[in-house]
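Here the structure is laid out as C-alpha cells; the discussion comes afterwards.
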Amino acid sequence: MIILITGGSSGLGEAITRLLAQQPGNTVYFTYNSSATKAQKIETDFGNAFAIKCNFENETEVDALKTKIGEWGIDVLINNAYSGEPIKTYFHKIPATDFLADFQKNLLPAIILTQAAINIFRKKKFGKIINVLTSFLVNTPPTGASVYVANKAYLEELSKSWATENAKYNITSNSISPSFMQTGFTNDVDERVIEQMTESHPLKTILTPAETAESVLFLVNATQQINGINILLNSGVNLK
C-alpha cells in the first residue's frame, strides 16, 4: 500500500505513521509542519517512511503536496492533520472570524488533497479515505470546543458524501472518532480534568494514541465492503 497521512509526525499521527510503516509492503508518506526533528527520527527508524514538509496555511506547499499525490499514485489517504486548539472559550465569546480561519487552515487543505486523491483512485479503481474525527461529535462536547467540533462535523458529512459518490469506483471513505487522548494537542488541559476523566472512565484509563492507531490499521486493511462507517472509540460511554 502507498499511504499518505497528514500530520503524521507527532501525537496520534506519529502513532499511526509508525504502526503503518511496520507493516510489510507499505510505503508511508507523512506530512509535518513544525515537528522536523520527530519527522527525521521516523525516517531514521523506518526506511519506508518519508516526511514531507507541508504547512496547511501555505497554499504553495499544499499545491505541491497535491501534485505529489498524483506522482506517488497513493492507495490510501488519511486526513489526520489539525492545526489549532481543541478548546477555546464559550461560543458567544469567539470571534466569527476564528471559525473562518480554522476552516481555511484545516478543512480546505483536506478538501483539496482528498479531491486529488479521488482523481487518482478513480483511475485505479481502488482507494481508501480515512478521516480522523472526534467522539465530541457523539458525547456532550466540552465547553469551548465549538470551533473544533464544527470542523470535525463538516469533515464527517464530507466523508459520507465521498463514500456514496465513489463506491462504484471501489473507493471507500471511513472515519474514526477517538475520545480524549493525552498528546501535544491536548497539553493545555488541566491535570485535574484529566484525573476526573480517568476516574469516570469505564476502564479507568484514557484512550492512547497506540490504541487509536490500531483502528486506522484495521480500516487500511479492511475489505472494500466496509464503507461509510465511523468507528467510535469511547468504551461505550455514548452510542451513536
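The analysis underlying the following values was restricted to heavy atoms, covering all of them including side chains, and did not include hydrogens, waters or symmetry mates.
Using a distance-only test at 3.5 Å, with no hydrogens or angles considered, a donor-acceptor pair links the side chain of D75 to the main chain of I2. No side-chain donor-acceptor contact under 3.5 Å links K125 to the backbone of N170. For N106 (side chain) and S83 (main-chain N/O), a donor-acceptor pair under 3.5 Å exists by modelled atom type. Side-chain N or O atoms of N174 include one that pairs as donor or acceptor with a backbone N or O of I226 at under 3.5 Å. At least one donor-acceptor pair under 3.5 Å links the side chain of E61 to the backbone N or O of N55. In this structure a side-chain-to-backbone donor-acceptor pair under 3.5 Å is missing from N131 to S159. No donor-acceptor pair closer than 3.5 Å links the side chain of D98 to the backbone N or O of I94. No side-chain donor-acceptor contact under 3.5 Å links S215 to the backbone of E211. Listed for the E57 side chain is no donor-acceptor partner under 3.5 Å among the backbone atoms of K105. Put simply, the side chain of T134 never gets that close to the backbone of S177: no donor and acceptor are under 3.5 Å apart.
Heavy atoms only, all atoms of each residue included: P109 and Q104 are closest at CD-O, 3.2 Å. Nearest heavy-atom pair, L65 versus C54, reported as atom, atom and distance to 0.1 Å: CD2-SG, 3.9 Å. For I176 against N230, the heavy-atom pair with the smallest separation is C-OD1, 3.5 Å. Closest of all the heavy-atom pairs between N48 and N26 is ND2-O, 2.7 Å. Closest heavy-atom contact between G13 and N80: CA-ND2, 3.5 Å. Across all non-hydrogen atoms, the minimal contact from K128 to L219 is NZ-O, 3.5 Å.
Considering only residues two or more places apart in sequence or on other chains, D45 meets the side chain to side chain donor-acceptor pair (under 3.5 Å) condition with R18, K41.
Taking 4.5 Å as the limit, every side-chain heavy atom of F50 sits out of range of all side-chain heavy atoms of V28. Side-chain contact between Q22 and L19 is present, with heavy atoms from C-beta onward closer than 4.5 Å. Taking the side chain as every heavy atom from C-beta outward, V132 and N79 never approach each other to under 4.5 Å. I74 is not listed as a side-chain neighbour of I3, based on a closest heavy-atom distance of 4.5 Å or more. Between N33 and F56 the shortest side-chain heavy-atom distance does not fall below 4.5 Å. Taking the side chain as every heavy atom from C-beta outward, W72 and T27 never approach each other to under 4.5 Å. At a threshold of 4.5 Å between non-hydrogen side-chain atoms, the residues L77 and I130 do not count as touching. Looking at I78 and L20, their side chains come closer than 4.5 Å, going by heavy atoms from C-beta outward.
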Stepwise side-chain contact (heavy atoms from CB on, under 4.5 Å) test for V147 and F103: CA-CA 9 Å; V147 174; F103 183 92; over 6 Å; no
Steps toward side-chain contact (heavy atoms from CB on, under 4.5 Å) verdict (T172, W162): CA-CA 8 Å; T172 62; W162 299 336; over 6 Å; no
Residue pair F99, F91: steps toward the ring pair (Phe, Tyr, Trp, His ring centres under 6.0 Å) verdict: CA-CA 10 Å; F99 287 86; F91 169 80; 5.7 Å; yes
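The CG atom of L4 lies 7.0 Å from the CG atom of L113; values are rounded to the nearest 0.5 Å. Considering CD1 of I112 and CG of L107, their distance stands at 11.0 Å, rounded to 0.5 Å. Atom CD of residue Q23 and atom CE of residue M1 lie 11.0 Å apart, to the nearest 0.5 angstrom. Atom CG of L158 and atom CD1 of I129 lie 10.0 Å apart (nearest 0.5 Å). Here NZ of K160 is found 4.0 Å from CD of E157. Values are rounded to the nearest 0.5 Å. Atom-to-atom distance recorded for E14:CD and I42:CD1 is 4.5 Å, nearest 0.5 angstrom.
Atom CD of Q224 is surrounded by more than 12 heavy atoms from other residues, nucleotides or ligands within 6.0 Å. Environment of NZ in K123: sparse, with no more than 12 heavy atoms of neighbouring residues, nucleotides or ligands closer than 6.0 Å. More than 12 heavy-atom neighbours from other residues, nucleotides or ligands sit within 6.0 angstrom of NZ on K88. Within a 6.0 Å sphere centred on OH of Y154, heavy atoms belonging to other residues, nucleotides or ligands number 12 at most.
Here the two rings, on Y169 and F126, have centers that are 6.0 Å apart or farther.
Residues I69 and Y32 do not share a hydrophobic cluster, clusters being chains of Ile/Leu/Val/Met/Phe/Trp/Tyr side chains in contact below 4.5 Å.
Side-chain atoms of T31 and T6 form no donor-acceptor pair, as typed in the model, at a separation below 3.5 Å.
Below 30°, between 30° and 60°, or above 60°: for F136 and Y148 the angle between ring planes is above 60°, a perpendicular geometry.
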